[in-house]
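I have placed the structure first, in the form of structure tokens, so that the comments after it can refer back to it.
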2 protein chains.
Amino acid sequence: MADTPGASEPSLDEQIAAYQREFQDLDPQVEKVVSALSRLNRRMNVAYGRQTAELGISNAEWEVLKALVLAGAPYRLGPGDLAKRLGLTPAAMTHRIDRMVAEGLVTRERDESNRVRVIVGITEEGRGKWLEAMRMATVFEEDLLQDLSGEERGRLGEMLTRLLRRVEDAQPDAGGRLSDLD
Amino acid sequence: MADTPGASEPSLDEQIAAYQREFQDLDPQVEKVVSALSRLNRRMNVAYGRQTAELGISNAEWEVLKALVLAGAPYRLGPGDLAKRLGLTPAAMTHRIDRMVAEGLVTRERDESNRVRVIVGITEEGRGKWLEAMRMATVFEEDLLQDLSGEERGRLGEMLTRLLRRVEDAQPDAGGRLSDLD
DNA sequence: GCTTCGAACTTTACTGTTGAAGTCTTCAGG
DNA sequence: CCTGAAGACTTCAACAGTAAAGTTCGAAGC
């Protein structure tokens with residue numbers, strides 16, 4: 001039956017061992033960090049996806065709501081600005097906003113002072129969904145970090161921001177495509 | 001001109017400050033870890049994407065090549081198995097393999113001992129691309145971790161695997177969709 | 001040895017993203 | 001004013017992924 005023995009995803013350690021076998025020029029310590037980062041992120045996105053699905057929205061829509069709320073003040077941004085913040089093309093943003101307007105999560109108006117511009121705002125319902133999603137997310141995130149002491153969390157955050165600084169300096173902001181939440 | 005002042009993505013610290021302002025029930029330490037993880041991953045995917053693009057392949061194709069090489073031995077896997085390892089649907093795997101066969105990166109044959117099964121193998125060219133991609137990736141990854149001492153790298157890897165264990169236990173392997181590399 | 005079930009992959013229809021081309025508005029000259 | 005150029009969004013065609021409905025083959029019962 002099991003003609004292909006090891007189905008499913010190999011464990012992290014198995015994967016690292018396989019790398020060592022197939023590609024010796026590899027620092028296992030580095031590979032462990034990098035592989036763990038990728039896998040963690042994938043799992044986290046799955047978890048967020050389940051939570052947002054419960055609210056009847058998608059992770060993609062949640063991202064837009066987050067960007068609007070985090071912008072502060074009147075909670076309005078243009079599609080181009082939103083696209084930059086989310087790392088999408090303007091075209092994708094147009095379609096996403098179309099859907100979200102249809103679902104009543106955001107509004108789209110023309111800027112009367114400059115009629116080329118469009119302004120996207122969050123609705124009551126959108127704000128409500130954002131809040132519920134945040135509540136669920138914080139429970140999940142707290143649970144995720146449960147095994148780390150306060151001191152460890154601090155060190156982890158500090159090390160990650162050091163890595164982040166390094167990539168952001170190297171990639172000042174150029175064409176950032178490729179999916180992911182924030 | 002700058003009618004919308006703060007365009008582009010806010011810095012990590014700005015983002016955390018915004019969260020504090022809009023949603024007080026939030027542990028900034030936790031949020032810092034989570035946000036840094038997401039951003040780091042996005043930036044890393046962009047970096048990998050540039051490198052694979054130089055080789056004329058996509059990140060998605062690189063993932064398939066990695067899975068085949070990491071499988072070891074005769075470097076062959078069925079589409080279903082590949083799909084599980086990459087967290088894709090079988091249908092997506094079919095299409096991906098179609099493209100990769102057309103580009104000469106992998107081969108597709110029927111298993112003669114069980115004609116329902118299909119076997120995907122890596123070609124010389126696929127293996128060559130994999131190797132070049134690995135070389136570029138290790139340079140990038142080493143550079144990424146440059147600011148961390150050996151001891152820090154160890155601690156970071158250990159903490160990340162602890163987080164990973166926690167999500168993987170919670171999500172034994174259920175419907176893992178959502179994009180990402182490995 | 002036929003029939004039925006189930007497994008493994010593919011096909012189809014639809015959703016979402018991209019890149020390139022197009023539209024509309026503003027602004028700077030002439 | 002009128003024209004040209006640049007900016008901000010949208011539209012269009014092509015591509016990648018998903019879900020659900022096929023196909024096809026193998027294996028188990030009768």
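Order of the sequence lines fixes the chain letters, A, B, ..., with proteins taken first and strands second; residue numbering starts at 1 for each chain. Excluded from the calculations below are hydrogen atoms, water molecules and symmetry mates; all remaining heavy atoms, backbone and side chain alike, are included.
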*Among A:E31, A:K32, A:R39, find the residue that satisfies the side-chain hydrogen bond (donor to acceptor under 3.5 Å, both in side chains) test when tested with A:Q15.*
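Going through the options one by one, the only one that passes is A:R39.
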[Y] backbone acceptor or donor facing [X] side chain under 3.5 Å:
X: B:R166; Y: A:Q146; result: no
X: A:D27; Y: B:E142; result: no
X: A:R76; Y: A:G121; result: no
X: A:E61; Y: A:S58; result: yes
X: A:D25; Y: B:R135; result: no

*Please determine, for the side chain of B:L88, which listed nucleotide (D:dC9, D:dT18, C:dA8) has the closest atom?*
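Of D:dC9, D:dT18, C:dA8, D:dT18 is nearest to the side chain of B:L88.
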*With respect to the side chain of B:V118, which nucleotide from C:dT18, D:dT10, C:dT10 is positioned closest?*
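So the nucleotide nearest the side chain must be C:dT10.
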*asked:* Membership question, hydrophobic clusters at under 4.5 Å side-chain separation (ILVMFWY): are A:L37 and B:M136 in the same one?
replied: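 Same hydrophobic cluster.
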*How would nucleotides 11-16 of chain C be written as a contact map, 5' to 3', with B for base contact, S for sugar-phosphate-only contact and - for no contact, using protein heavy atoms under 4.0 Å?*
BB---S
Whole-Å distance between [N] [atom2] and [X] [atom1]?
X: B:L77; N: C:dA8; atom1: CG; atom2: C1'; result: 15 Å
X: B:N59; N: C:dT18; atom1: CG; atom2: P; result: 14 Å
X: B:N45; N: C:dT18; atom1: CG; atom2: P; result: 13 Å
X: B:M93; N: D:dG17; atom1: CE; atom2: C1'; result: 12 Å
X: B:E109; N: C:dC9; atom1: CD; atom2: P; result: 13 Å
X: B:R117; N: C:dC9; atom1: CZ; atom2: C1'; result: 11 Å
X: B:I119; N: C:dT10; atom1: CD1; atom2: P; result: 12 Å

*Between A:R162 and A:E158, does at least one N-O distance fall below 4.0 Å, as a salt bridge requires?*
yes
*asked:* So that I can tick it off, tell me whether A:R165 and A:D169 are bridged by a salt bridge, with the cut-off set at under 4.0 angstrom between side-chain N and carboxylate O.
replied: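 A salt bridge is absent here (no side-chain N lies under 4.0 Å from a carboxylate O).
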What N/O pairs connect the protein and nucleotides 21-26 of chain D at under 3.5 Å? Give each pair on its own line.
residue	atom	partner	partner atom	Å
D:dG26	OP1	B:R115	N	3.1

